[in-house]
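Notes follow once the structure below has been shown.
These numbers come from a predicted model, not from an experiment.
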Amino acid sequence: MRRLAIPLALVLALGAVTSPVHADTKVKRTAQCQGDWLPATPTADDVMRGDISLVGLPSYKLGKKINWGASPYHNRSWEFVFQSLRWMGTLVVAYEDTGEQPYLDRAKEIAKDWVDHNRRGAPGTKPYVWKDHPVSLRSQALICLSMHVKDDWLKDSLKEHAKLLSDPRLYKKGHNHGMDQDIALMGIGCRYGRSDWTALANKRLVGTVKLDVDSQGALMEQAPRYAVYVYGRLQVAMENMRACGRKVPGEVASRADALKDFVAHATQPNGYMVPIGDGDAETEPKMDTGTPKDAVKVYKAGYVFGRTEWNKPDSAFYSIRFGPGMKFHGHEDHLGVTYYAKGRDILVDGGFNSYEKSTYRYWTLGPTAHNIPVVVGERFRPRTASKLAQTAYGKDRQAFQLTDKAYGTARTRSVLVNHGEDFMAVLDSAAGGKKIQSLWRFDPSLKVVSNGGGRVVLSDGKFRVTLVQLSGCKPIGGQRVERGGKLGWVSPAYLSKQRTNVVVSPAASDLLTVIVPGDSPSVSCSGGKVSVEGVKLPAKLL
């Protein structure tokens, strides 16, 4: 980290010291402060200026007298990060790195002010201040501060945090919040020699990891991007155990290691994770996952990930969802697919906008924000499980059949992905003579250039992709395209909302949809066989 120098005038304005600062002061760097727990923004200089930017939102003028009830953007994530005080922790780390006293003085002033104005249960204290996640994340910052500030008010506050962290009624078992609670409790217990707290944190972490990361290494929270966060937090948890003289349980170490494969499989050839569940399209894992041996992986937690080959940006890639009903960070995306080919996104998920309680947020959670089949005239039943009923695949072609009763009657989707001559074919049907309709969300850069005769062609000016639909082995027309409106939206990044083209099929007893990178692909069907660009396949795909 570069050495930082704070102008004396600024220091005096902040009321931190009244004498010159010596940057060459020797300060011990501590394990409790060093590490990757700090957010990228704001920097220590930003905090000293009283200008903080959180969760990518515009900077907020903190001022010397802090309003702890502030919510300038009415954003839950901003509120939680503000109350985590990790931004205060940047000052303590800067103090350790530079030896400049104003950093520590301001950090102490901020923390003491927070403690004085946020007594648990006191009038004026916002309820979310003492929720599980702010408590666990704030503990790290306060533990770091405690390495240099020995005042009773700080020790008492950390004891209050530990009391909540150890309360079984507030523990988020089987969730990343639970892991953060365990990390925090372990840290406080180790800091003050409380073996009862460290033992409890150790025991709980094992149970939470076994629930949150299955034996294959799949994260059970139903949003692959959280696997990156959980992997990082488990590294911190294991290091804390060792530092506290505890042996890392084998189950924790092995599942943390297996997470690396899951992250690798869930990462598209462009280096970004496929945005499934509460995951945006801009998550780039900054971790060494290695290269898994298999190009196709089926996770019993409800994922199929496949690609042509590893380490080539123009490799084809696809994802398919099934498994347990929606929970935690999941969406109602069962039987949904994404498709990446020729070095670019083609079929995309609706994405993740935010955790705000808005109509749009709830729509992104629902089925119509995904590439799924809808049973016409039937009511959707939330949190319905689905199963992978059949698989048949080799190196150049993979096929999968999935089914559920999310609409009361059985719906079935077969997905075939061909490599070399890249295309995806999807067959949808419903039981009991019900009609089916399918939704196809294309990357926002692709615009419709033609629509007729059961073919929709989209292009960005250079690249083209064609959607062809058949029913009963014959072309079926009547495709409707929405851009905006109720369906035509995508959120590739936090708080973003873009118009995109969604192709809505006509209703039919069965629908075969073929997605082909290209302008005028040859697609035909006869005698129970489908031909796509000369590649023959069964009309039922499996």
Has the side chain of [X] got a donor or acceptor atom that lies under 3.5 Å from a matching backbone atom of [Y]?
| X | Y | value |
| --- | --- | --- |
| Gln398 | Lys395 | yes |
| Ser505 | Ser438 | yes |
| Asp443 | Ser445 | yes |
| Asp396 | His419 | no |
| Asp294 | Lys297 | no |
| Gln222 | Gly325 | yes |
| Asp510 | Asp428 | no |
| Thr41 | Ser53 | yes |
| Tyr340 | Gly343 | yes |
| Glu332 | Arg383 | yes |

No-hydrogen, no-angle side-chain donor-acceptor test under 3.5 Å, [X] and [Y]:
| X | Y | result |
| --- | --- | --- |
| Ser254 | Asp257 | no |
| Ser522 | Glu533 | no |
| Asp132 | Tyr171 | no |
| His331 | Asp278 | yes |
| Ser491 | Tyr360 | yes |
| Trp363 | Thr368 | yes |

I want to check something: taking the side chain as every heavy atom from C-beta on, are [X] and [Y] in contact at a cut-off of under 4.5 Å?
| X | Y | value |
| --- | --- | --- |
| Gln140 | Arg86 | no |
| Ile515 | Val465 | yes |
| Met241 | Pro249 | yes |
| Lys172 | Phe328 | no |
| Gln437 | Pro373 | no |
| Met287 | Val228 | yes |
| Leu185 | Arg204 | yes |
| Phe463 | Pro517 | yes |

| request: Test side-chain contact (heavy atoms from CB on, under 4.5 Å) on Lys286 and Glu284 and set out the steps. | output: CA-CA 6 Å; Lys286 297 185 183 300; Glu284 184 179 11; 3.8 Å; yes

| query | ring-ring contact (aromatic ring centres under 6.0 Å, His included) with His329: which of Tyr229, Phe352, Tyr226? | reply | Tyr226

Under 3.5 Å, side-chain donor or acceptor atoms of residues 447-458 against the rest of the protein: list the pairs with distances, not counting sequence neighbours.
{"residue": "Lys447", "atom": "NZ", "partner": "Pro444", "partner atom": "O", "Å": "3.1"}
{"residue": "Asn451", "atom": "ND2", "partner": "Gln479", "partner atom": "O", "Å": "3.1"}
{"residue": "Arg455", "atom": "NH1", "partner": "Pro521", "partner atom": "O", "Å": "3.0"}
{"residue": "Arg455", "atom": "NH2", "partner": "Pro521", "partner atom": "O", "Å": "2.8"}

| task | Report the C-alpha separation of Leu495 and Asn75 in whole Å, then their side-chain angles, then the decisive distance to 0.1 Å, and conclude whether the side-chain contact (heavy atoms from CB on, under 4.5 Å) test is met. | result | CA-CA 10 Å; Leu495 292 178; Asn75 180 285; 4.2 Å; yes

| said: Can you tell me if Lys497 has over 12 outside heavy atoms packed within less than 6.0 Å of its NZ? | reply: yes

| request: Can you spot which of Asp349, Thr338, Thr364 makes a side chain to side chain donor-acceptor pair (under 3.5 Å) with His370? | output: Asp349

Can a salt bridge be assigned to the pair [X] and [Y] using a cut-off of 4.0 Å between side-chain N and carboxylate O?
| X | Y | value |
| --- | --- | --- |
| Arg411 | Asp404 | yes |
| Arg344 | Asp460 | yes |
| Glu356 | Arg76 | no |
| Glu482 | Lys486 | no |
| Lys342 | Asp422 | yes |

| task | Start with the C-alpha distance between Val426 and Met424, add both sets of side-chain angles, then the distance that settles side-chain contact (heavy atoms from CB on, under 4.5 Å), and finish with yes or no. | result | CA-CA 7 Å; Val426 180; Met424 172 183 279; 3.9 Å; yes

Point-to-point distance, once rounded to the nearest 0.5 Å, from [atom1] of [X] to [atom2] of [Y]:
| X | Y | atom1 | atom2 | value |
| --- | --- | --- | --- | --- |
| Ile346 | Leu467 | CD1 | CG | 11.0 Å |
| Leu205 | Ile183 | CG | CD1 | 7.0 Å |
| Lys540 | Leu416 | NZ | CG | 15.5 Å |
| Leu234 | Met179 | CG | CE | 5.0 Å |

| task | Any pair with a residue in residues 311-329 that passes salt bridge (charged side-chain N to carboxylate O under 4.0 Å, His left out), sequence neighbours left out, goes on the list, sorted by first then second residue, please. | result | Glu309-Lys312, Arg321-Asp333

Please list, one pair per line, the donor and acceptor atoms closer than 3.5 Å that link side chains of residues 267-274 to other protein atoms, with sequence neighbours excluded.
{"residue": "Thr267", "atom": "OG1", "partner": "Val263", "partner atom": "O", "Å": "2.6"}
{"residue": "Gln268", "atom": "NE2", "partner": "Asp345", "partner atom": "OD1", "Å": "3.3"}
{"residue": "Asn270", "atom": "OD1", "partner": "Tyr272", "partner atom": "N", "Å": "3.0"}

| message | Working note: His133 + Phe80, criterion ring-ring contact (aromatic ring centres under 6.0 Å, His included); need CA distance, chi angles, decisive distance, verdict. | response | CA-CA 8 Å; His133 217 199; Phe80 277 30; 7.6 Å; no

| said: Determine whether Ser71 and Glu79 satisfy the following criterion, side chain to side chain donor-acceptor pair (under 3.5 Å), listing intermediate values before the conclusion. | reply: CA-CA 6 Å; Ser71 180; Glu79 294 167 354; 2.6 Å; yes

| message | Evaluate Phe423 against Val468 for side-chain contact (heavy atoms from CB on, under 4.5 Å), listing each step before the verdict. | response | CA-CA 11 Å; Phe423 64 83; Val468 180; over 6 Å; no

| query | Using the ring of each side chain (for Trp, its six-membered ring), is Tyr318 parallel, tilted or perpendicular to Phe400, with breaks at 30° and 60°? | reply | tilted

| field | Geometric class of the Tyr303/Phe305 ring pair [parallel <30°, tilted 30-60°, perpendicular >60°] | value | parallel

| query | Do the numbers put Arg233 on top of the ring of Trp37, so that NZ or CZ is under 6.0 Å from the six-membered ring centre and no more than 45° off the axis? | reply | no

